[in-house]
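The structure appears right after this line, and notes come after that.
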Protein chains: 4
Amino acid sequence: MNRPRRRAPARAPADPAAEPEKRRAILHAAVRVFADKGYHGCRIADVARQAGVAYGLVYHYFKNKDELLESVFAEQWTIFIQAIQAIRAGPGTAAEHLAAVCRFALDIFRTAPQAVRVLILEVARTPNQLRAGSTRQTFEAALRLLADMVRRGQEAGELRRDVDPVIGAASVLGALELNLTAMVVGLLGGPAPSEDDVERVKRQVVEAALGGLLVARR
Amino acid sequence: MNRPRRRAPARAPADPAAEPEKRRAILHAAVRVFADKGYHGCRIADVARQAGVAYGLVYHYFKNKDELLESVFAEQWTIFIQAIQAIRAGPGTAAEHLAAVCRFALDIFRTAPQAVRVLILEVARTPNQLRAGSTRQTFEAALRLLADMVRRGQEAGELRRDVDPVIGAASVLGALELNLTAMVVGLLGGPAPSEDDVERVKRQVVEAALGGLLVARR
Amino acid sequence: MNRPRRRAPARAPADPAAEPEKRRAILHAAVRVFADKGYHGCRIADVARQAGVAYGLVYHYFKNKDELLESVFAEQWTIFIQAIQAIRAGPGTAAEHLAAVCRFALDIFRTAPQAVRVLILEVARTPNQLRAGSTRQTFEAALRLLADMVRRGQEAGELRRDVDPVIGAASVLGALELNLTAMVVGLLGGPAPSEDDVERVKRQVVEAALGGLLVARR
Amino acid sequence: MNRPRRRAPARAPADPAAEPEKRRAILHAAVRVFADKGYHGCRIADVARQAGVAYGLVYHYFKNKDELLESVFAEQWTIFIQAIQAIRAGPGTAAEHLAAVCRFALDIFRTAPQAVRVLILEVARTPNQLRAGSTRQTFEAALRLLADMVRRGQEAGELRRDVDPVIGAASVLGALELNLTAMVVGLLGGPAPSEDDVERVKRQVVEAALGGLLVARR
DNA sequence: TATGAATGAGAGTTCATTCAT
DNA sequence: CATGAATGAACTCTCATTCAT
């Protein structure tokens with residue numbers, strides 16, 4: 001069969017105001033449901049119900065379940081990446097930039113833990129096939145941006161040069177991720193971390209993750 | 001109703017020598033297949049074929065697919081945890097212990113990347129339901145062991161005290177994980193990292209992850 | 001409940017000049033699409049796109065997909081049947097009439113192979129249920145007209161009497177159909193039969209199909 | 001996903017005695033159900049129920065619905081083709097051979113009208129794409145065999161040479177088909193043709209279809 | 001132990017049809 | 001007349017699990 005798809009309402013419309021309200025609703029519902037039951041653990045019906053729309057409408061806006069996940073990712077990562085770019089474009093040293101990124105990520109968690117949950121828990125899920133759509137690319141984009149920050153810091157003499165920028169970036173992002181996972185999972189601050197918990201974690205994570213990158217005589 | 005269960009020999013037998021050869025084969029096959037296609041992306045049939053045994057035999061040794069995954073985890077983490085414990089019991093400072101753990105993890109990756117892949121990519125997959133079997137517990141066990149190492153280091157004055165041990169441990173483990181992911185995914189050292197690549201990454205990851213935890217005047 | 005239907009102008013209007021242009025477009029598009037993908041293999045959306053009209057407009061002019069197909073049939077067969085009637089009303093012997101019918105059918109194929117394709121390939125598709133709309137009736141009407149031609153020929157002594165008129169008609173129509181199918185499918189004259197091919201086939205089919213019906217001493 | 005298929009129990013097993021009983025049952029049920037409701041009008045569930053097996057078993061033996069239809073075709077046509085070959089290998093003139101083929105086809109109809117129904121009504125259903133599996137090939141094989149018969153008859157001087165063998169074969173097969181359709185549909189001999197009806201039709205169809213191919217002076 | 005045929009609930013996807021604008 | 005977003009029933013296909021041998 002394999003007939004050519006139509007798919008009129010493309011990815012993200014140029015004019016954000018033009019994005020259909022229901023498409024938004026579905027996307028938001030997907031975040032909640034994925035966060036709650038996991039990608040494999042939920043049915044399209046769950047998303048539709050959560051969004052308060054008819055079953056078929058999900059397929060009106062998204063080609064299939066996979067693309068829905070991709071879209072969720074794309075949207076979330078886009079926000080994250082834009083923040084990174086904004087931070088990088090702003091004032092401050094590379095170390096401050098990296099710290100700002102960490103804080104931003106942890107801030108998001110405070111406001112939208114579910115979104116973070118999806119981002120964190122489903123990232124590398126994609127099997128071997130590189131067929132990964134935007135997902136991986138976006139993830140890599142984030143990593144590269146961070147690596148670039150590290151490189152700048154190294155060039156500026158703020159950060160130690162004996163660590164590959166990618167490794168440095170991965171270390172920071174990894175520390176970030178696993179601390180988030182720990183919070184998500186309830187290992188840090190209990191099932192519902194208070195604002196103070198998050199604040200405390202935030203400070204310490206930055207400390208722990210960045211300390212090692214600073215040029216320091218020991 | 002309480003009649004003797006026939007599925008007696010299912011779990012790992014006390015006497016490892018007594019473990020049926022085919023059970024091993026299935027377990028190994030599961031690691032490979034899970035690593036390749038992901039837990040949800042593979043069928044029991046795939047595992048059976050890979051193991052070279054009949055379909056139904058998988059169900060002779062494992063109650064269901066979930067339990068198979070749990071067993072894989074259990075086995076892998078057991079190795080990891082035992083290594084951590086051995087390291088902790090050995091000589092050296094806490095910092096050296098942590099470094100040794102990192103090196104060990106990266107060593108495993110060099111010898112059995114697939115096993116690591118499963119461990120890494122499927123860890124937090126389990127949804128909200130706390131029904132998580134041994135999987136999460138084992139993951140937490142590892143985290144706690146590391147946190148304990150950090151705590152000891154803090155008590156001994158080697159490691160900075162202004163970071164929660166769990167956060168410190170999570171940061172190290174996270175850096176470890178994401179660097180592994182980066183390698184698995186091909187962002188570090190290309191699709192097939194050479195031994196030297198791995199060696200280089202190993203050194204730098206340890207540096208990056210631990211540096212920040214050391215008490216240092218800046 | 002008996003309120004005036006709004007879908008008044010659905011069927012073919014009495015005054016052909018009054019038929020909306022878009023209705024025509026849809027009907028033509030349907031012929032092409034049905035021919036290309038088959039009735040079950042295409043969606044209303046395909047027809048609409050092919051016709052260059054909006055999705056919902058199809059439902060403005062046709063009650064449902066079935067009725068659209070029926071309309072296509074009705075239109076095509078109507079042409080065919082009118083031609084048969086015209087031929088029958090004209091001069092010549094019964095044998096000449098039958099030959100003319102065959103030639104006409106093959107001529108249509110030359111000009112509008114797609115229309116023929118639909119007519120041929122979807123005719124008997126309708127399952128057991130006698131609920132068949134105009135489709136079958138129209139098909140039967142054609143068969144009966146031909147049978148009538150045969151009967152006349154028999155009464156006039158031109159055609160052999162030992163063959164049931166319906167069987168005779170079916171044989172001619174069948175020969176016609178399968179030769180058309182063979183051309184459609186590419187077994188006669190290749191994928192794109194030339195005009196000469198069609199001409200040759202035309203002559204021979206008439207010969208083959210009619211020869212046996214002639215009263216001839218052997 | 002598109003994972004490689006396994007499909008252990010291949011098409012038709014070499015040793016017919018080895019063909020699983022249930023596979024047979026499904027195939028037979030498919031013939032009945034397809035005949036009754038048409039390919040598109042029935043669900044796999046119908047076939048399974050009719051066969052008295054579980055839903056999933058259909059997919060154990062057949063890749064999908066399409067392949068099931070193909071298998072039905074293959075089996076039926078195979079019988080037909082083998083009969084043609086047997087007839088051709090036997091004694092008699094080409095004309096007698098062709099007549100024998102017609103009679104055979106009509107005989108099958110008497111014994112297994114449903115099978116014929118499927119064969120006839122679903123033949124050319126396949127859309128444009130040449131992706132047609134065995135279906136078309138088998139149909140063409142039959143046509144070619146008949147054309148070969150015609151050619152032999154022409155060489156032997158029994159049949160007129162001014163008709164392309166393929167056209168001649170198509171004409172016979174077409175006459176056959178449409179007369180069968182007429183019976184299937186109820187236009188010849190009513191909804192349930194008696195044995196005598198069939199016998200009468202048989203004789204006349206042969207007469208009508210072949211008469212024209214004989215070399216005869218007129 | 002070992003096998004693989006058999007089962008059937010479950011979920012993704014399609015698409016005819018409706019309806020508010 | 002015209003549009004296309006919205007609806008949801010229907011159906012195919014998958015695959016974990018069972019069970020007779």
Side-chain angles (χ1 to χ4, degrees), chain A residues 1 3 5-6 8-9 20-23 26 40-48 51-68, chain B residues 6 9 20-23 26 40-49 53-68, chain C residues 6 9 20-23 40-49 53-68, chain D residues 1 3 5-6 8-9 20-23 26 40-48 52-68:
Chain A
M1 299 306 173
R3 58 180 67 175
R5 302 292 315 190
R6 53 202 155 123
E21 173 197 352
K22 304 244 173 152
R23 190 182 193 275
I26 293 170
H40 289 286
C42 76
R43 299 161 298 176
I44 291 290
D46 296 328
V47 176
V53 302
Y55 200 107
L57 198 60
V58 176
Y59 284 90
H60 186 73
Y61 285 116
F62 303 92
K63 193 159 133 278
N64 52 34
K65 201 181 173 186
D66 260 25
E67 195 187 286
L68 179 56
Chain B
R6 66 191 152 89
E21 174 196 351
K22 303 237 172 157
R23 189 180 194 278
I26 293 170
H40 286 97
C42 75
R43 334 189 204 93
I44 290 291
D46 296 325
V47 175
R49 193 176 328 111
V53 303
Y55 210 92
L57 198 58
V58 176
Y59 282 90
H60 187 73
Y61 286 117
F62 304 90
K63 194 161 124 274
N64 53 33
K65 199 182 174 186
D66 262 22
E67 195 187 287
L68 178 57
Chain C
R6 67 191 150 90
E21 174 195 353
K22 303 236 173 159
R23 190 180 193 278
H40 286 97
C42 75
R43 335 188 204 95
I44 289 290
D46 296 325
V47 175
R49 194 177 328 111
V53 303
Y55 209 90
L57 198 59
V58 176
Y59 283 89
H60 187 72
Y61 286 116
F62 303 91
K63 195 161 123 271
N64 54 32
K65 200 182 173 187
D66 262 23
E67 194 187 288
L68 179 56
Chain D
M1 298 307 171
R3 59 182 64 176
R5 304 291 314 188
R6 48 197 157 127
E21 173 197 352
K22 304 241 173 157
R23 190 181 193 276
I26 293 170
H40 290 285
C42 76
R43 298 162 299 178
I44 291 291
D46 295 328
V47 176
V53 303
Y55 196 110
L57 198 60
V58 176
Y59 285 90
H60 186 72
Y61 286 116
F62 303 92
K63 193 160 135 275
N64 53 33
K65 201 181 172 185
D66 260 26
E67 196 187 285
L68 179 56

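Each chain gets a letter, A, B and so on, in the order the sequences are listed, and its residues count up from 1.
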On DNA chain F, more 5' by nearest nucleotide between G56(A) and K65(D) is G56(A)
Whichever of C42(D) and V53(A) has the more 5' nearest nucleotide on DNA chain F, that residue is V53(A)
| query | Should Y55(D) be listed as having a side-chain N or O under 4.0 Å from OP1 or OP2 of dG10(E)? | reply |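 No.
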Q. Between dA5(E) and H60(D), is there an OP1 or OP2 to side-chain N/O distance shorter than 4.0 Å?
A.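 Looking at the OP1 and OP2 atoms of dA5(E), one of them is under 4.0 Å from a side-chain N or O of H60(D).
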So which nucleotide from [options] ends up closest to the side chain of [X]?
X      : options                  : value
R43(A) : dA16(F), dT7(F), dA11(E) : dA11(E)
Y59(B) : dA2(E), dG8(F), dA16(F)  : dA16(F)
A54(A) : dT7(F), dA2(F), dA6(E)   : dT7(F)

| message | For a quick check of understanding: with a heavy-atom distance under 4.0 Å over all strands, which category does L57(A) fall into, base, sugar-phosphate or nothing? | response | base
> On a whole-Å scale, what distance lies between the P atoms belonging to dT21(F) and dT1(E)?
Replying inline: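 Roughly 22 Å separates the two P atoms.
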Rounded to whole Å, the CD1-P distance (I44(B) to dT3(E)) equals 15 Å
State, yes or no, whether a side-chain contact exists between V47(B) and V53(B) at a heavy-atom distance under 4.5 Å.
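Answer no - side chains too far apart.
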- prompt: Paired with dT17(F) by Watson-Crick or G-U wobble geometry, both distances under 3.5 Å: which nucleotide is it?
  reply: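 Because both required distances fall under 3.5 Å, dT17(F) counts as paired with dA6(E).
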